[in-house]
Q: 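Here's a structure for you.
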Amino acid sequence: MRIAVTYENGEIFQHFGHTEQFKVYDIEDGKVKQSRVVDTNGQGHGALADVLNTLKADILICGGIGGGAQMALETLDIKLYGGVSGNADAAVEAFLANSLEYNPDVKCSHHDHEHGGEAHSCGSHGCGKGSCENH
């Protein structure tokens, strides 16, 4: 089995469509056998599902993720565990121990929505809410 995690500085990056790296874990006999960090080469949003497919990922652990990306992952039979935050390695260990807390209904629905009368886009997080699943 291969698990991919949106990744930045040891933590789970909170916006799937903007992640610049995945940490990829190869699992054998319920244990991490090897892991490596893979650059997305500037690809974003929908193209990231293809990156995961090329990496032969079976599972994605991430923070927020939009509906289009979720559908792309589903089409590729990549199981999603979204709404997760914290240390990437710890999340994978929790997954392997069947104790990962995640949100099966995770959304990243704040594209161009309003915060106090100001339009907001994913790139800035100027509203002070830095993770997609909190919107």
Side-chain angles (χ1 to χ4, degrees):
M1 167 183 9
R2 183 165 286 165
I3 300 172
V5 180
T6 54
Y7 188 77
E8 183 178 61
N9 298 321
E11 300 292 310
I12 298 168
F13 187 71
Q14 291 301 299
H15 186 204
F16 173 79
H18 287 207
T19 194
E20 295 180 8
Q21 297 178 318
F22 290 108
K23 188 163 184 183
V24 179
Y25 301 80
D26 290 323
I27 310 300
E28 291 179 21
D29 300 321
K31 296 181 180 154
V32 176
K33 291 297 179 186
Q34 142 182 1
S35 66
R36 68 188 186 283
V37 177
V38 178
D39 191 63
T40 64
N41 296 317
Q43 297 186 65
H45 289 92
L48 291 173
D50 290 331
V51 170
L52 291 171
N53 192 44
T54 300
L55 291 170
K56 300 186 183 328
D58 300 298
I59 292 166
L60 171 66
I61 297 173
C62 67
I65 183 170
Q70 289 183 38
M71 290 186 337
L73 293 173
E74 187 175 328
T75 300
L76 296 169
D77 291 324
I78 299 172
K79 179 83 169 136
L80 172 64
Y81 293 85
V84 182
S85 61
N87 181 273
D89 294 346
V92 170
E93 290 299 330
F95 173 82
L96 295 174
N98 292 315
S99 62
L100 180 66
E101 293 186 25
Y102 70 99
N103 179 356
D105 298 316
V106 68
K107 303 280 187 253
C108 182
S109 58
H110 69 277
H111 294 261
D112 298 319
H113 67 270
E114 301 278 327
H115 278 290
E118 294 181 27
H120 175 76
S121 65
C122 283
S124 67
H125 287 104
C127 65
K129 298 183 185 227
S131 57
C132 296
E133 77 276 5
N134 292 332
H135 289 330

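These numbers come from the heavy atoms of this one structure, side chains and all, not from hydrogens, waters or symmetry mates.
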Q: Among all residues two or more places apart in sequence or in another chain, which pass the salt bridge (charged side-chain N to carboxylate O under 4.0 Å, His left out) test with Asp89?
A: Lys23
Q: Please output the side-chain donor-acceptor pairs of residues 30-38 that fall under 3.5 Å, not counting sequence neighbours, one pair per line with the distance.
A:
none

Q: How far does CG of Asn103 sit from OG of Ser85, to the nearest 0.5 angstrom?
A: 11.5 Å
Q: Transitively linked via ILVMFWY side-chain contacts under 4.5 Å: Ile59 with Ile12?
A: yes
Q: Between Ile61 and Val92, is there a side-chain heavy-atom distance shorter than 4.5 Å?
A: yes
Q: What heavy-atom pair brings Asn41 and Asp39 nearest, and what distance separates the two atoms?
A: N-OD2, 2.9 Å
Q: Honestly curious: do Phe16 and Met71 fall in one hydrophobic cluster under the side-chain, below-4.5 Å linking rule?
A: no
Q: Return the set of residues passing side-chain contact (heavy atoms from CB on, under 4.5 Å) with Thr54 (not counting sequence neighbours), or none when no residue passes.
A: none
Q: Provide the full list of ring pair (Phe, Tyr, Trp, His ring centres under 6.0 Å) pairs with a residue in residues 75-96, sequence neighbours left out, each pair given once.
A: Tyr81-Phe95, Tyr81-Tyr102
Q: Give, for atom CD1 of Ile3 and atom CG of Leu55, the distance between the pair rounded to the nearest 0.5 Å.
A: 13.5 Å
Q: Using modelled atom types only, decide if a donor and an acceptor are shared between the side chain of Arg2 and the backbone of Ile27 within a distance under 3.5 Å.
A: no
Q: For the CG atom of Leu60 and the CG atom of Leu80, what is their distance to the nearest 0.5 Å?
A: 5.5 Å
Q: Taking side chain as C-beta onward, heavy atoms only, is Val84 less than 4.5 Å from Glu101?
A: no
Q: Taking only residues at least two apart or on different chains, which pairs with a member in residues 46-59 satisfy salt bridge (Lys or Arg N to Asp or Glu O under 4.0 Å)?
A: none
Q: Would Val5 and Met1 show up in the same hydrophobic cluster when neighbours are defined by side-chain heavy atoms closer than 4.5 Å?
A: yes
Q: Which residue pairs pass the salt bridge (Lys or Arg N to Asp or Glu O under 4.0 Å) test when at least one of the two sits in residues 69-80, sequence neighbours left out?
A: none
Q: Using the rule that Ile, Leu, Val, Met, Phe, Trp and Tyr join whenever any side-chain heavy atoms are under 4.5 Å apart, tell me whether Phe13 and Leu52 fall into a single cluster.
A: no
Q: Can Gln70 and Val106 be said to form a side-chain contact (heavy atoms from CB on, under 4.5 Å), step by step?
A: CA-CA 9 Å; Gln70 289 183 38; Val106 68; 4.0 Å; yes
Q: Going from OH on Tyr7 to OG1 on Thr40, what distance comes out if it is rounded to the nearest 0.5 angstrom?
A: 14.5 Å
Q: So do the side chains of Thr6 and Leu48 get within less than 4.5 Å of each other, counting heavy atoms only?
A: no
